[in-house]
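Working notes for the structure below.
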Amino acid sequence: MNLNCSLWQDNSISVKLFAFTKFSEVTEQCFLLFTLILLMFLTSLTGNALIALAIWTNPVLHTPMYFFLANLSLLEIGYTCSVIPKMLQSLVSETRGISREGCATQMFFFTLFGISECCLLATMAYDRYMAICSPLHYATRMSREVCAQLAMISWVVGCMVGLGQTNYIFSLDFCGPCEIDHFFCDLPPILALACGDTSHNEAAVFVAAILCISSPFLLIITSYGRILAAVLIMPSLEGRQKALSTCSSHLVVVTLFYGSASVTYLRPKASHSPGIDKLLALFYTVVTSMLNPIIYSLRNKEVKAALRRTLSKRKMF
């Protein structure tokens, strides 16, 4: 596909249209990948929407833990919708272009939802810590107002980081080439296309990753370290099993999400490989979002019961 991706502006060549690289030159492979990703995308949307709906419509689940889980499901919906539709289009169409403004918009929303999820996962770990280690103070310290504020902080931090990173990166000049060696407008691939020195931008991305990925992850590790210490001294075997069961789903999600994100954004630039980066990005944008509702529903009897009630209500209409 030949793209006229540069326009003359202010006596300089500025790229106004980007294009994503093809996944494969073999049509059958692209169609197979399109089908698999579409199925995972629809599974993710359906699962996360059902969990959010089940929590909002079942008063028994109106507790801090499920309030945060509903927020996580909404974030997952936004996260996948910001990336996957354009990727699906690129798989089956020769029109793989995206405008500079469209690319910046995609980067902003992807960063917003991704960073917000990092913060929310840390908040969920703190909630479990308070529930298990300070049960007598849990109702007051995790009141409805506090939970709403913590969720809002997660969204606001994501919005601020998304705006800051997007504005900083797209203030650079892009002189060509205009082909993005990725399937969405992620930060490192776009920086690779910028003209001139991008060391300050790369440092900003790394600092943001440290603050918004490593810091919440350390909070999660600290919370679960204290939870484990508290569980080990519980006299009741049933109490230990119940405490661990409420945390296991969250730990699996944290491992999947933070593992892939850390490898992508915290490893040295020299070790980056377009093929590995695409595979990792496919994992944390599609696979993890699809697995989250499955993990939470399979491991949680209350969520499964709420889903059954919600589905049975829909069948009555």
Side-chain angles (χ1 to χ4, degrees), residues 1-23 78-79 81-87 89-91 93-116 118 157-213 261 263-282 284-285:
M1 180 178 65
N2 295 321
L3 280 174
N4 181 18
C5 59
S6 298
L7 295 179
W8 186 265
Q9 283 192 341
D10 300 329
N11 299 320
S12 64
I13 296 296
S14 178
V15 170
K16 302 298 290 180
L17 180 67
F18 296 100
F20 300 108
T21 55
K22 291 190 72 172
F23 280 82
Y79 195 61
C81 287
S82 67
V83 173
I84 306 304
K86 187 65 179 177
M87 178 174 61
Q89 178 192 350
S90 300
L91 279 169
S93 171
E94 287 297 318
T95 308
R96 303 191 311 277
I98 184 170
S99 68
R100 181 171 175 147
E101 293 76 16
C103 191
T105 301
Q106 187 184 62
M107 180 182 289
F108 165 70
F109 280 108
F110 168 78
T111 308
L112 184 160
F113 293 122
I115 296 300
S116 297
C118 287
V157 170
C159 185
M160 291 175 62
V161 174
L163 278 174
Q165 291 291 338
T166 303
N167 286 332
Y168 197 26
I169 288 175
F170 281 91
S171 65
L172 297 169
D173 290 324
F174 294 90
C175 313
C178 62
E179 196 168 55
I180 304 169
D181 197 3
H182 210 45
F183 59 80
F184 69 96
C185 294
D186 201 1
L187 283 70
I190 298 298
L191 275 177
L193 301 179
C195 307
D197 182 21
T198 61
S199 58
H200 289 90
N201 300 84
E202 291 167 5
V205 171
F206 184 77
V207 170
I210 290 291
L211 293 176
C212 300
I213 296 178
V263 172
T264 301
Y265 296 104
L266 293 176
R267 76 182 194 272
K269 180 182 177 181
S271 64
H272 278 258
S273 164
I276 297 299
D277 288 347
K278 289 178 188 176
L279 185 62
L280 286 169
L282 196 63
Y284 64 73
T285 55

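The structure presented is a predicted model; accordingly, all values stated were derived computationally and were not measured.
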ask   = How about M87 and F20: do any of their side-chain heavy atoms sit closer than 4.5 Å?
value = no

Residue pair C118 / I213: nearest heavy atoms and the distance that separates them = SG-CG1, 4.1 Å

key: Crowding at CZ, F108 (>12 non-hydrogen neighbours, <6.0 Å)   = yes

task = Over all heavy atoms of both residues, which pair between A208 and V161 is shortest? Give the atoms and the distance, please.
result = CB-CG1, 4.5 Å

message = Let me confirm one number: the CZ-CD1 distance from F18 to I98, rounded to the nearest 0.5 Å.
response = 9.0 Å

query = How are the rings of F170 and F174 set to each other: parallel, tilted or perpendicular (split at 30° and 60°)?
reply = tilted

request  = Output the distance between atom CG (L163) and atom OG1 (T166), rounded to the nearest 0.5 Å.
outcome  = 7.0 Å

Solution key, residues 186-197 side-chain donor-acceptor pairs under 3.5 Å, sequence neighbours excluded:
| unit_1 | atom_1 | unit_2 | atom_2 | d |
| --- | --- | --- | --- | --- |
| D186 | OD1 | Y265 | OH | 2.7 |
| D186 | OD2 | Y265 | OH | 2.9 |
| D186 | OD2 | Y284 | OH | 3.4 |
| D197 | OD1 | S199 | N | 3.0 |
| D197 | OD1 | S199 | OG | 2.9 |
| D197 | OD2 | S199 | OG | 3.0 |

ask   = Can you check whether Q106 reaches F184 side chain to side chain, under 4.5 Å on heavy atoms?
value = yes

remark   = Residues passing the ring pair (Phe, Tyr, Trp, His ring centres under 6.0 Å) test with Y79, sequence neighbours excluded, are F110

message = If you compare all heavy atoms of P85 against all heavy atoms of C81, which two are closest, and at what distance to 0.1 Å?
response = CD-O, 3.3 Å

inquiry  = What's the separation between atom CD in Q89 and atom CD1 in I84, rounded to the nearest 0.5 Å?
reply    = 13.0 Å

message = With a 4.5 Å cut-off on side-chain heavy atoms, are F183 and L91 touching?
response = no

ask   = Out of curiosity, T198 OG1 to L172 CG, how far, rounded to the nearest 0.5 Å?
value = 7.5 Å

ask   = Atom CZ of F113 and atom SG of C159: how far apart are they, to the nearest 0.5 Å?
value = 10.0 Å

remark   = Of all heavy-atom pairs linking C212 and I115, the shortest is CB-CD1, 3.6 Å

inquiry  = Nearest 0.5 Å, please: how far is NE2 in H182 from OG1 in T21?
reply    = 9.0 Å

message = Using side-chain heavy atoms (C-beta onward) and a distance below 4.5 Å, is I180 in contact with C103?
response = yes

